[in-house]
Amino acid sequence: MSEANDAILDPLSTCVHCGFCLPACPTYLATGDESDSPRGRILLMRALARGELSPNDSGLNDHLDACLGCRGCEPVCPSGVRYGAGLEAARDTLARAHGLPLKARLILRVFRHAWLWKPLLSAARLLRATGLPAALAGRTGIRFAMGMLASSRGAARQAGRREDGKTGRSEGMHTSRRPVFPPSRLFSGCVMSTLFSHVHEATGEALRDVGHEMDCPRGQACCGALHAHAGDLDGARALARHNIAAFRDSDGPIVVNSAGCGAMLKGYGHLLGSEEAARFAERVKDVSEMLADRWTGGQGDRGTAGQSCELSNCPPVHLSVLYDSPCHLQHAQGILAQPLAMLENVPGLTLLPLADSEKCCGSAGIFSLL
């Protein structure tokens with residue numbers, strides 16, 4: 001059996017077809033089609049690996065393409081099936097057999113090279129400032145992409161940042177006030193460092209206030225999640241090696257504030273299969289993991305024993321908020337309690353329940369653009 005087929009079958013080998021995954025799958029809930037469920041797709045992927053289905057089979061491709069890759073099936077699986085790893089390997093096999101769609105190839109090529117995505121995303125940020133994306137927003141094609149771009153503008157304004165991005169400090173950012181913990185490094189990413197640079201600034205400020213010195217190494221690349229999910233594992237591996245090299249001169253925590261990036265970085269050990277990649281993955285921490293340990297006494301427990309002086313002395317914010325749990329934070333990284341604990345410890349803030357917050361939002365990387 002070939003190495004590629006092993007890469008599909010091994011992560012899926014423990015599946016016993018019990019069906020616990022069905023209620024956790026957003027596409028199965030939407031279509032009611034067993035072939036659009038994790039159990040059904042596992043049967044299809046096994047058939048592909050064993051040569052029982054051709055890579056050109058239209059049904060096989062349609063059902064695997066429709067998967068959002070949210071990995072909501074993994075935490076509910078009593079057998080510990082690594083569905084996400086199997087799906088990526090299967091999509092890689094399909095891509096090698098008949099190639100990726102033109103639009104996917106163009107998007108992934110852009111994110112392979114910083115000299116392409118940096119000016120394009122910076123231009124998108126300037127376009128966002130004009131208000132045109134909001135006026136052009138719609139339900140299909142480019143209008144949907146415009147709506148996604150427009151939706152990010154409100155967050156930038158609420159954070160009090162300039163829309164032209166001139167206050168961003170992603171590259172070379174360094175904040176240090178009363179550092180009492182080992183230095184941390186921020187993973188800058190692609191979309192986060194351009195369209196959401198205000199989130200990087202807030203991350204640095206929050207970590208500084210609980211005693212973390214943090215900087216942002218230069219020379220980083222896209223995390224590679226878009227490539228891995230689409231079936232371009234070679235592209236994902238190249239980007240992983242690039243990022244590992246960028247953080248090679250330190251051994252402190254690597255802080256991430258994007259759920260998809262964090263899940264991908266924590267999977268570098270599996271992706272590359274090297275000791276260096278495994279050590280890198282162990283260093284990766286979501287920002288909520290870092291802050292919950294300082295604000296709530298550790299482990300995301302909902303209490304105030306470890307609450308920082310700065311937080312406890314903050315004026316009440318008097319806001320009611322909903323928290324929508326990102327798929328790759330809750331399902332892939334297993335992080336749910338920490339963000340909730342952080343919010344519950346903010347003075348004056350009322351945390352409201354959001355029905356079905358564990359379900360995928362439907363964006364799924366470049367899925368919504370394809």
Side-chain angles (χ1 to χ4, degrees), residues 1-105 108 224-237 263-264 267 269-273 327-328 331-332 360 362 364-368 370:
M1 185 175 293
S2 72
E3 183 177 342
N5 291 340
D6 284 343
I8 299 174
L9 292 174
D10 288 350
L12 309 177
S13 61
T14 57
C15 177
V16 296
H17 311 293
C18 64
F20 278 95
C21 57
L22 270 63
C25 177
T27 51
Y28 174 74
L29 295 177
T31 69
D33 188 337
E34 174 78 13
S35 296
D36 282 334
S37 73
R39 181 171 66 179
R41 290 184 176 117
I42 287 173
L43 288 173
L44 293 172
M45 288 187 280
R46 283 175 170 172
L48 170 67
R50 293 167 179 163
E52 299 164 1
L53 279 178
S54 166
N56 296 315
D57 184 279
S58 60
L60 167 69
N61 283 271
D62 288 345
H63 292 302
L64 293 191
D65 284 347
C67 180
L68 297 160
C70 70
R71 295 170 62 176
C73 53
E74 292 189 1
V76 301
C77 177
S79 301
V81 173
R82 294 186 294 120
Y83 176 85
L87 178 67
E88 290 177 358
R91 285 179 168 171
D92 183 64
T93 296
L94 295 177
R96 292 179 187 277
H98 51 66
L100 291 168
L102 176 60
K103 186 188 291 187
R105 294 202 306 272
L108 296 180
L226 302 178
H227 304 75
H229 300 337
D232 180 14
L233 287 182
D234 286 342
R237 292 186 183 104
M264 186 65 194
H270 166 75
L271 180 68
L272 296 180
C327 292
H328 282 84
H331 304 317
C360 181
I366 64 173
F367 178 93
S368 56
L370 299 178

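Index from 1, following the sequence. The structure presented is a predicted model; accordingly, all values stated were derived computationally and were not measured.
A donor-acceptor pair under 3.5 Å links the side-chain atoms of Thr27 to the main chain of Asp36, judged by distance alone. The closest donor-acceptor contact from the side chain of Asn61 to the backbone of Pro55 lies under 3.5 Å. No donor-acceptor pair under 3.5 Å is formed between the side chain of Arg82 and the backbone N or O of Leu12. Between the Arg91 side chain and the Leu64 main chain, a donor and an acceptor come within less than 3.5 Å of each other.
Summarising the geometry, atom CD1 belonging to Ile42 is positioned 10.0 Å from atom CG belonging to Leu87; distances are rounded to the nearest 0.5 Å. Summarising the geometry, atom SG belonging to Cys25 is positioned 7.5 Å from atom CG belonging to Leu68; distances are rounded to the nearest 0.5 Å. Atom SG of Cys15 is separated from atom CZ of Arg41 by 13.5 Å, given to the nearest 0.5 angstrom. For the atom pair CZ (Arg39) and CZ (Phe20), the distance works out to 11.0 Å, reported to the nearest 0.5 Å. Taken from CG in Leu108 to NE2 in His227, the straight-line distance is 4.5 Å, to the nearest 0.5 Å. A distance of 12.0 Å separates CD in Glu88 from OG1 in Thr93, rounded to the nearest 0.5 Å.
Between Asp57 and Leu44 there is no side-chain heavy-atom pair separated by less than 4.5 Å. Counting heavy atoms from C-beta on, the side chains of Leu271 and Met264 come closer than 4.5 Å. Side chains of Leu94 and Leu48 form a contact here, defined as non-hydrogen atoms less than 4.5 Å apart.
The heavy-atom pair separating Ala24 from Val76 by the smallest distance is CB-CG2, 3.9 Å. Closest approach of Ile366 to Ala230, counting heavy atoms only: CD1-CB, 4.3 Å. Across every non-hydrogen atom of Gly19 and Pro23, the tightest pair is O-CD, 3.7 Å. When all heavy atoms of Leu226 and Gly365 are compared, the pair lying nearest together is CD2-CA, 3.8 Å. Considering every non-hydrogen atom in both Tyr28 and Ser37, the closest pair reads CD1-CB, 3.8 Å.
Sorted by first then second residue, the salt bridge (charged side-chain N to carboxylate O under 4.0 Å, His left out) pairs that include residues 228-237, not counting sequence neighbours, are Arg96-Asp234, Asp234-Arg237. Listed by first and then second residue, the side-chain hydrogen bond (donor to acceptor under 3.5 Å, both in side chains) pairs involving residues 70-80 are Arg71-Glu74 (not counting sequence neighbours). Within the structure, every pair that satisfies the side-chain hydrogen bond (donor to acceptor under 3.5 Å, both in side chains) test and touches residues 9-25, not counting sequence neighbours, is listed here: His17-Arg46.
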Quiz prompt | Chi angles and distances behind the side chain to side chain contact (heavy atoms under 4.5 Å, CB included) call for Tyr83, Met45 | solution = CA-CA 10 Å; Tyr83 176 85; Met45 288 187 280; 3.6 Å; yes

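Legend: residues meeting ring pair (Phe, Tyr, Trp, His ring centres under 6.0 Å) with His229, ordered by chain and number and at least two apart, are His328. The side-chain contact (heavy atoms from CB on, under 4.5 Å) search around Cys70 returns Pro26, Cys327, Cys360, not counting sequence neighbours. For Glu52, there are no side-chain hydrogen bond (donor to acceptor under 3.5 Å, both in side chains) partners at least two apart in sequence or on another chain.
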